[in-house]
Participant: 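Pasting in a structure now, in structure tokens, and then I'll have a few things to ask.
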Amino acid sequence: FPSHDTSLTISSSVNFYDLTISTSNYNTLTLVGTINVQHDMNINSGYATGMNGGTINVEGNLNANSGHFNGSTLIKLTGSVNQTYTGAVGSIIGNLEIASTGGTVSFVGEVGVSLTYIYTSGLVDTGTSNFIFYDASIIAPGSFDYNAVIFQYTNNKVINLQSQSMNIKGDFIVTGK
């Protein structure tokens with residue numbers, strides 16, 4: 001995608017082998033429909049990039065290299081083989097779902113989520129990753145162990161933890177109002 005305001009309308013499913021989204025600061029991308037990424041997806045966004053609508057299914061690795069990639073678009077890890085989510089410090093995704101059909105989803109680095117984080121299926125290895133929930137309101141964590149979890153809130157949000165527990169083997173920090 002180019003580095004200026006872009007509207008992409010997809011009314012049916014479209015497939016990409018690899019997908020890289022690179023934007024500058026304060027841009028909005030609009031997606032209607034579904035994008036299926038058969039290999040790897042890279043996010044190189046500027047500060048406060050919004051992506052709204054639709055779903056991006058990622059069968060390979062997801063690399064959140066930079067920026068705040070907020071908005072209503074759902075990014076789903078749907079691979080049938082091992083996948084890795086690699087997150088740079090300060091990178092944020094709006095909505096993330098783990099819906100793996102095989103293999104293990106491994107997390108490396110920092111996993112920042114601003115709206116919803118949902119575990120649906122698959123094996124997960126959080127390794128030494130830090131999961132940071134920025135004003136996230138819906139969290140369905142699954143029954144696996146997390147290394148460290150930080151809830152960072154700025155707007156008096158209510159946390160909707162959609163399970164009886166969240167297994168945290170390291171630090172648990174809550175900051176904000």
Participant: In terms of hydrophobic clusters joined by side-chain contacts under 4.5 Å, are I173 and V113 together?
Facilitator: no
Participant: Kindly indicate, with the supporting measurements, whether the criterion side chain to side chain contact (heavy atoms under 4.5 Å, CB included) is fulfilled by D125 and S106.
Facilitator: CA-CA 5 Å; D125 179 5; S106 299; 4.0 Å; yes
Participant: Taking only residues two or more places apart in sequence, or in another chain, which ones meet N15 in a side chain to side chain donor-acceptor pair (under 3.5 Å)?
Facilitator: N36
Participant: Would you say S80 and T101 make side-chain contact, with heavy atoms under 4.5 Å?
Facilitator: yes
Participant: Locate the shortest heavy-atom distance separating I168 from A148; write the atom from each residue and the value.
Facilitator: CG2-CA, 4.4 Å
Participant: Distance-only, no hydrogens or angles: does the T104 side chain make a donor-acceptor pair with backbone N or O of V124 under 3.5 Å?
Facilitator: no
Participant: If Ile, Leu, Val, Met, Phe, Trp and Tyr residues are connected whenever their side-chain heavy atoms lie under 4.5 Å apart, and connections chain through other members, are I98 and L123 in the same group?
Facilitator: no
Participant: To the closest 0.5 Å, what do you measure between CD (E110) and OH (Y85)?
Facilitator: 8.5 Å
Participant: Hey, any chance I92 and V58 share a hydrophobic cluster, counting ILVMFWY side chains that come within less than 4.5 Å of each other, even indirectly?
Facilitator: no
Participant: How close do N82 and G103 get, counting heavy atoms only, and between which atoms?
Facilitator: OD1-CA, 3.3 Å
Participant: Are Y134 and Y117 connected in a single hydrophobic cluster, I mean Ile/Leu/Val/Met/Phe/Trp/Tyr linked by side-chain heavy atoms less than 4.5 Å apart?
Facilitator: no
Participant: Nearest heavy-atom pair of G94 and S114: which atoms, and what distance?
Facilitator: CA-OG, 3.2 Å
Participant: Are L74 and F107 co-members of a hydrophobic cluster defined by side-chain heavy atoms under 4.5 Å apart?
Facilitator: no
Participant: Determine whether the side chains of S129 and N147 contain a donor N or O and an acceptor N or O closer than 3.5 Å.
Facilitator: no
Participant: To the closest 0.5 Å, what do you measure between CG (L96) and CD1 (I56)?
Facilitator: 11.5 Å
Participant: Go through the steps for L62 and Q83 under the test side chain to side chain contact (heavy atoms under 4.5 Å, CB included), then give the verdict.
Facilitator: CA-CA 8 Å; L62 176 58; Q83 293 179 271; over 6 Å; no
Participant: Hey, can you tell me if F172 and F151 have their rings parallel, tilted or perpendicular (30° and 60° cut-offs)?
Facilitator: perpendicular
Participant: Got a second to check how far S72's OG is from N52's CG, nearest 0.5 Å?
Facilitator: 4.0 Å
Participant: Give me the atom names and distance for the closest heavy-atom approach of P141 to S165.
Facilitator: CG-O, 3.8 Å
Participant: Compare every heavy atom of G79 with every heavy atom of S100, then report the nearest pair and how far apart it is.
Facilitator: OG-O, 3.2 Å
Participant: Find the distance between OG1 (T20) and CE (M41) and round it off to the nearest 0.5 Å.
Facilitator: 8.5 Å
Participant: For the rings on F133 and Y153, is their centre-to-centre separation under 6.0 Å?
Facilitator: no
Participant: Quick check for you: to the nearest 0.5 Å, what is the distance between T73 atom OG1 and I35 atom CD1?
Facilitator: 8.5 Å
Participant: Distance check, rounded to the nearest 0.5 Å: N65 atom CG versus I21 atom CD1?
Facilitator: 11.5 Å
Participant: Look only at the side chain of N167 and the backbone of S143, and say whether a donor-acceptor pair between them is shorter than 3.5 Å.
Facilitator: yes
Participant: For A99, does its backbone N or O pair with a side-chain atom of T78 as donor and acceptor, under 3.5 Å?
Facilitator: no
Participant: Keeping D18 on the side-chain end and H39 on the backbone end, is there a donor-acceptor pair under 3.5 Å?
Facilitator: no
Participant: Could you tell me whether the side chain of N61 reaches within less than 4.5 Å of the side chain of T86, counting heavy atoms only?
Facilitator: no
